[in-house]
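Note that the numbering runs from 1 along the sequence shown for the chain.
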Amino acid sequence: MAWSYEDDLRRKISRELNLAENFGGRLKFALAYPNFYRVGMSNLGIHIIYALLNSRREVTCERFFLPEQSTLEKISRANLSLLSMETQTPLNKFQVVGFAVSFEPDYFNVVKMLKLGKINPRASQRTDFDPITIAGGPCATFNPEPLAEIFDAFVIGEGEVILPPLIDEIISSENLPRLQRLEKLSQIPGVYVPTFPKKVSRQWIKNLDDYPAHSTILTDDAEFNMYLIETARGCGRHCRFCMAGYCFRRPRNRSLDVLKSEILHAKKFGKKIGLMGAAISDYPQIDELCKFILGERLQMSVASFRADSVTFELVKSLAASGLKTLTIAPEVGSEKMRRVVNKGITEENIFSAIELGLSAGIKNFRLYFMIGLPFEELSDVEAIAELSARVKKFCNGRLTLSVNPFVPKPFTPFQWSPFAKKKYLDAALKILRGQLKSVRGVEIISESVRSSQVQAILSRGDKKISEVVLQSESLQEFRQNFTAAGLDENFYLREIPFDENLPWDFLNQGFTKKYLRDEFNRAGEFKSTTPCFDGCKRCGVCNENF
């Protein structure tokens, strides 16, 4: 039997529950996720926007995902167009194409999907007959400039409050020339149009209970085979490396009654409940919520929790739901670095969380760490190894360390900080592996330094970077095109002076640069004062020897 792209999509659709049935709206909106189906269907934002758009009678929203590699090769060989999940309609037949962009490495998939969809990836070369392309999600909100040559407009903030007026304007201006339509879109609060640049303020939901946020379409083919429910948005912890802690800084919780109602609705599907939020253990009524989920004979999982707020009830509920490995994010190994990053946990918190896991029957643990942070020295890296060795001795189960280079992000106190030198990062990883080599049952996994460098370039990139992204469908192509464009990676990876204009300065996240500078200076109060000397190879701040 001959292969059929349409049949592939229909087979996926046949395994889905709760599929929208409104396909007759006048405005056809393509909701695209720049990664594989199994990844995109585990992204709660896709479910939220899909439900929001299809709740409107005049709108038809259909989904697009990056095809798996084998399917991608067949599509390319046959010169087929990228098709929607729901009705197998080509991407370029939709009036609006909206991408949810959560991770910088997915920028290349955006370009790939637009080309597969027969849409010119360069926004300035599209005509009145081409779709309007929009980007939303964390990457669009924090720094849209690396994608500015690709998208017509960006949603800055939370889509639930921006999309309704955006859709209204797109419908009402459908007979106007493209440029006039974009100018009208630029006047909507929370919408950035690169052709008509202006100061844009992030928009956000005041009361989460007014906006449902849970799985819309259920499938066993998702990476997280769960019914996802958002408990809260925002984080008040203010870890200095974390965008969520600054740009979504005002914590907002859903009421327990609303969460209980959503759990009861989910019960008929019989799936594990996946609680989503910046730190689930910070939810004020987490114990009561856990008891309710297990009382309904459902299993549960969480996106993340903090070592200083995790409770026995939460850990016990996770263990009862089949959790085999408990994940904790110390981020750093020394007390000095905990103060530098403002993590707000102690070593005692870490071991208490592990003890809770052990008492609940969980034997395996995963710890997340970063290396190359501002004011870090190699003695702080050694502290990661020492802490990990003590954790291994304490838990006696399998211990996995996820150790990745620190990537400076916009709108954090560390946005001016350099990406650490490759030689320093290589030396840090060598120290960790060397010190833990004799400790049995410890596995160290890490992203490559080169891929982290590209992420850092994309994170703090400007419109020059957008030109390179426009020509790239992979990380390897990006590096080649970056060099061919005559750009200097050291410029994008360097320490940025406080008085330099930043590519994202036109965005208003609700706080000033002075506030971020003050936070950076507070972090610097904890740096080492040990003097350097000739031949020193320990210092992570002035690492010229690396």
Side-chain angles (χ1 to χ4, degrees), residues 18 20 22 25 27 29 31 43-61 96 98 100 102 134 136-138 140-141 153-172 185 188-191 200-218 226-236 243-269 273-280 282-286 288-289 292-293 302-303 508-510:
N18 262 17
N22 169 33
L27 180 71
F29 192 109
L31 178 58
N43 181 282
L44 185 55
I46 288 293
H47 294 262
I48 293 170
I49 300 305
Y50 185 81
L52 174 70
L53 293 174
N54 278 316
S55 68
R56 299 183 56 149
R57 186 174 299 177
E58 70 272 39
V59 179
T60 291
C61 177
V96 183
S102 301
I134 301 169
T141 293
F154 294 84
V155 169
I156 309 299
E158 295 173 350
E160 294 97 327
V161 291
I162 303 173
L163 279 176
L166 181 66
I167 294 298
D168 289 342
E169 186 56 64
I170 288 173
I171 291 174
S172 65
L185 294 184
I188 299 171
V191 176
V200 181
S201 294
R202 177 180 60 88
Q203 304 296 299
W204 51 282
I205 295 171
K206 308 299 187 292
N207 182 7
L208 288 187
D209 282 354
D210 293 338
Y211 296 88
H214 53 76
S215 291
T216 302
I217 300 170
L218 283 299
M226 305 176 192
Y227 190 101
L228 305 176
I229 296 176
E230 185 185 56
T231 62
R233 231 174 253 193
C235 179
M243 287 195 303
Y246 280 83
C247 292
F248 299 115
R249 59 191 294 103
R250 185 172 299 185
R252 292 152 287 156
N253 296 311
R254 293 187 191 279
S255 67
L256 185 62
D257 287 343
V258 165
L259 293 179
K260 285 181 176 180
S261 175
E262 292 185 350
I263 290 163
L264 291 175
H265 175 75
K267 189 174 180 179
K268 62 184 176 183
F269 300 108
I273 302 296
L275 300 180
M276 308 299 290
I280 302 300
D282 282 353
Y283 184 73
Q285 296 157 292
I286 186 60
E288 190 175 345
L289 182 60
F292 182 80
I293 293 171
V302 299
N508 176 14
Q509 302 288 354

Does any non-hydrogen side-chain atom of [Y] lie less than 4.5 Å from one of [X]?
X: Val96; Y: Leu53; value: no
X: Leu166; Y: Ile134; value: yes
X: Asp210; Y: Ile205; value: no
X: Glu169; Y: Leu185; value: yes
X: Tyr211; Y: Leu52; value: no
X: Phe154; Y: Val200; value: no

Least distance between heavy atoms, [X] atom then [Y] atom:
X: Ser201; Y: Asn508; value: OG-ND2, 3.2 Å
X: Cys235; Y: Pro251; value: C-CG, 3.9 Å
X: Ala51; Y: Thr216; value: CB-OG1, 3.6 Å
X: Val191; Y: Ile162; value: CG2-CG2, 3.7 Å
X: Cys61; Y: Leu31; value: SG-CB, 3.6 Å
X: Thr141; Y: Val155; value: OG1-O, 3.7 Å

Measuring from atom [atom1] of [X] to atom [atom2] of [Y], what distance do you get when rounded to the nearest 0.5 angstrom?
X: Leu208; Y: Arg254; atom1: CG; atom2: CZ; value: 4.5 Å
X: Leu218; Y: His47; atom1: CG; atom2: NE2; value: 8.0 Å
X: Ile273; Y: Leu275; atom1: CD1; atom2: CG; value: 7.5 Å
X: Ile188; Y: Ile170; atom1: CD1; atom2: CD1; value: 7.5 Å
X: Ile217; Y: Tyr50; atom1: CD1; atom2: OH; value: 4.0 Å
X: Leu27; Y: Thr60; atom1: CG; atom2: OG1; value: 8.0 Å

Contact list for residues 154-168, test salt bridge (charged side-chain N to carboxylate O under 4.0 Å, His left out), sequence neighbours left out: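 Those involving residues 154-168 are Arg56-Asp168, Glu158-Arg233, Glu158-Arg252, Glu160-Arg233.
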Just by modelled atom types, is the Tyr227 backbone N or O under 3.5 Å from a matching donor or acceptor in the Ser215 side chain?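 No.
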Would the distance check show the side chain of Arg202 and the main-chain N or O of Gly510 forming a donor-acceptor pair, the cut-off being under 3.5 Å? no
Show every donor-acceptor pair shorter than 3.5 Å between a side-chain atom in residues 256-266 and any protein atom, with sequence neighbours excluded, or say none if there are none.
residue	atom	partner	partner atom	Å
Lys260	NZ	Glu288	OE2	3.4

